[in-house]
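Just so it is clear, the structure is predicted and the values come from calculations on it, not from any experiment. Lettering of chains follows the sequences in order, A, B, ..., and the numbering in each one begins at 1.
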Amino acid sequence: MAGLDVGYLAVYLLSLASVAVFGYAILWHARRTSTSIGPGRLLGLGEDEARRLASGDPVFLMHLSIAVGIGLSIANAILDPVMPYVPLLKDAFLVLSVPLIVGLVAAFVWRIQVYFRSKGVEREFKSTASFTSASTFLQLILMLAVALTASELALFWFPSLVIASGLVGVVRNSLVAVYYSRPSVNLVGNFDRPLSAVRTPFNLADVMSGKTDASAISIGAGKISDFDTSQRLTFDSCVEIGACEAACPATAAGRPLSPRVLVRKVSLLAREGGGSADPFTTVGEDELWSCTSCGACMSSCPVSVKHLDVIYDLRRGLVAKGKLDKEKSAMLENLAQNQNPYGFKNATRGDWARGLGVDTLATNPKAEYLYWVGCLSSFDQRAQRIARALSKILKQAGVSFAILGAEEFCVGDPARRLGEEGRYQELAYQNIEKLNSYGVKKIIATCPHCFNALKNEYPQFGGRYEVVHHTQLISDLIKAGRIRVPAEKIQKISVTLHDACYASRYNNVFDEPREILGASVSDVREMGRRKEKTFCCGAGGSNYWYKVPQQRSIAGIRTEEAQKTGAKAIATECPFCLSMFDDTTKVMNTGMDVRDVAEIVAECL
Amino acid sequence: MSGAVWSYSENESVSNEVASAAADVAKGASAEPVVLEIGAVRAGVRAPGAKLLLKGPATSDVPPEVAAEAIAKASKQLQPAAILIGATRYGREIASRLAVKLTVGCLSEVSKLSADGNALAGERNAFAGKVVAKVSCALPAIATVKVGYYAAVESAGTAVTESDVGQVNPLVKVVSREKKAAGAVDLRSAKVIVSAGRGVKKKEDLPMLEELAREMHGALGCSRPLSSDLGWLPEEHHIGLTGVTVKPDLYLALGISGQLQHTAGMKDSKVVAAVNTDKDAPIFQASDYGIVGDLYQIVPAIRKALASRR
């Protein structure tokens, strides 16, 4: 018992002070950015982390070790004077410290690997010396915090070294207060914001009606001050963890984009150049166009940085400046003139259904479901087979459905992801007007991009429907026995499922397609990256419509993963994924077949 | 204002067309049409009306920034009511530079030009030719004149006055001129396109298709995998959503499955014929004629049939 020791008392008080500074820093950042960090939020965060813990992802476990390790050592430092009276507590701390020390040591080793990878990326991008040194500095801080926390936990075991332990804690707490209070606030504020939540700079209806002053709207970021407080909080919260960079398909394909480098560049520019600084002096056009909006960066970020908030606003800035090449502007013009991004006459949209006995809402307004076909399945002869397959399934199951035919317009997703918010909302409002005039209640979509927009984005503009992805409905029909695959019709092939980002990561639809495959093929294989950790096909975020410089194709990387499972076919649940793999499987001479889940089921009926 | 309407084009026959436009405008503005020459009077410029030779540049073959500067200098001195320039690539560059130098308005790619009171008016196609926009701009003004709209009127030589604009230094020095490498394709203007897809098994087989394209007086195109993924052909051959858009009289798709990525770039072709081993290949739905078969048998057969006709 060192209670009377002056040295001990001084260190103890210092340690309390450092915790208080950390706490104050968090409160300060939260107040400044109007972020709610109340007990409700903290509880929610705890639940969310527990959910992630169940996934057993080693990288997540390492990150958790850092957070819990810091928490435990702070608790230990505060409670130290009472420890002698509560021996059980001390024992509990000692026991807990063991897995945490293991996790922290693993994290430290992992950080070394991250360091080398990130420097490799920076060399590839020819990053400036000042960027690289700022990045290295933050990574060293993180390694230092990890090392200090691990040593502090180790010092638990040596009661005689309590002063050393306390001092280590003080240094670590100071680092944490300076560098990690902002990311902590960002995490508490944003952990549950869904990937599908796209920031909406204006509401077209309000602008048209004069409710919003059109001249007061700023669209896209042309200078740093165009980013609002929450965006600044998000890009300033990056502490170079590098999980986004490891997950990003664009980085993996050798495109000029790393989500880490992008947010850090913007953050450093904001710090050095102030509000008037032009982000396009440091962020390149191809860098922005490289993003497929797959969301892997945001869902892997341990501190909930929202990279896409920054990317979309910068893309909007490029659109506002008219910095669009031929392919991108042609897509937007096609949307304006033909209501589809390919330039086909929209009157021919329903032609795929000819002779199939599929109603339109105009002829059968009482249909229970609207089947929202989407542009690719309407106009691409290959993807039309998805639409035909789903129609066959629905008819067999006796589901009452109809399509809009020529009255369907593009849902608007390609325009929105490209940064043309106005055209997106124009299409959304036109579609919603039609859907509401027919009194549509339930919608089935085969395209995850349409599904996501209809389900998560249209409500904001007055379109509220019960929207299902076709895999969800088919799975329900199988479970309810409304469609039955007889045992002899089960296809004897090995299939691996490629999860579409906008179905799985964006909307948690990943069990249903597996249930369907389980009922219709004999051998389902899994790729390493699957479900909410799926790897993009390369077509999202409007990338289907243009090219960016790259060393290899994103779809090619994914096709290799599919090949490694030994499966003879790739099952898809998105017409764009299907189109991408249709090319790569042939180009790479894989001999693999690519089919939508709906096609596979329809073949079994 | 001197009441002159100037016309200019670096191309002799376009120069005669633009002079006709200038005559129309001059009538409405009760002004004189004047044909500009830079550096030297060209024999092929035979439009009626007075000629004004801008002396200073040594030849008529000058970079656009020199032509723009020369015209701007003369214009500041002589104050013409309007300057009409042929809407060639070169002419468009002169006109835009000139508009900035003189801070006057510029109508782009217009036809049916007229002067009405104090404004220069004309018509131009908008929204991909779906509507005709009537545009006007207060005088003095500049316009680029749609090439091929006005008939050239030729007459015997008329009086040439001279204006010395002094030395104008080019911003760009032409080091050398080279013709585009042989084999470079211009798919957009090709009447016949032979297009190769993944049905082509190896790069070494492409010369066979190039031969076929030549025999059909057409050009060789390809689908995305051949250029972007395999790199067997340069990007300029790539037809489709992320490549070029074409509308030839005849499109022959060989071993192309017919994904929208490709068909979106050739859907406006007049006649489409396809060869594919897969009878269910989507390309057949976008085709007028189709052969289910191996291009390695069909192509030699087509070439043989073409040879026997010759």
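Using a 4.5 Å cut-off between heavy atoms, A/Tyr546 touches chain B through its backbone atoms (N, CA, C, O) alone. For a residue to count as touching a neighbouring chain, one of its non-hydrogen atoms must lie under 4.5 Å from one of that chain's; by this rule B/Asp268 does not touch chain A. Looking at A/Lys328, there are no atoms closer than 4.5 Å to chain B (heavy atoms on both sides), in backbone or side chain. Interface remark: A/Arg385 contributes side-chain atoms only to the contact with chain B (heavy atom separation under 4.5 Å). Heavy-atom distances place the side chain of B/Ser228, and not its backbone, under 4.5 Å from chain A. Only the side chain of B/His238 comes within contact range of chain A, with at least one heavy atom under 4.5 Å from a heavy atom of that chain.
Between atom CD of residue B/Gln259 and atom CG of residue A/Leu376 there is a gap of 8.0 Å, rounded to the nearest 0.5 Å. The OG1 atom of B/Thr242 sits 12.5 Å away from the CE atom of A/Met331 when rounded to the nearest 0.5 Å. Rounding to the nearest 0.5 Å places NZ of A/Lys586 at 12.0 Å from CG of B/Leu230. Distance check, rounded to the nearest 0.5 Å: CZ of A/Arg382 to CD1 of B/Ile283 gives 14.5 Å.
Within 6.0 Å of NZ on A/Lys326 lie more than 12 heavy atoms contributed by other residues, nucleotides or ligands. Around atom NZ of A/Lys392, more than 12 heavy atoms belonging to other residues, nucleotides or ligands sit under 6.0 Å away. Open room surrounds NZ on A/Lys323; 12 or fewer heavy atoms of other groups in view lie less than 6.0 Å from it.
Annotation for A/Glu327 and B/Leu241: closest pair CG-O, 3.6 Å, computed over non-hydrogen atoms. When all heavy atoms of A/Phe344 and B/Lys267 are compared, the closest pair comes out as CE2-CD, 3.1 Å. The nearest pair of heavy atoms linking A/Asp583 to B/Arg224 is OD2-NH2, 3.1 Å. Closest of all the heavy-atom pairs between A/Gln381 and B/Pro282 is CB-CB, 3.2 Å. Between A/Tyr342 and B/Leu260, the shortest heavy-atom distance links the atoms CD2-CD2, 2.9 Å.
Using a 4.5 Å heavy-atom cutoff, the side chains of A/Lys547 and B/Glu235 are in contact.
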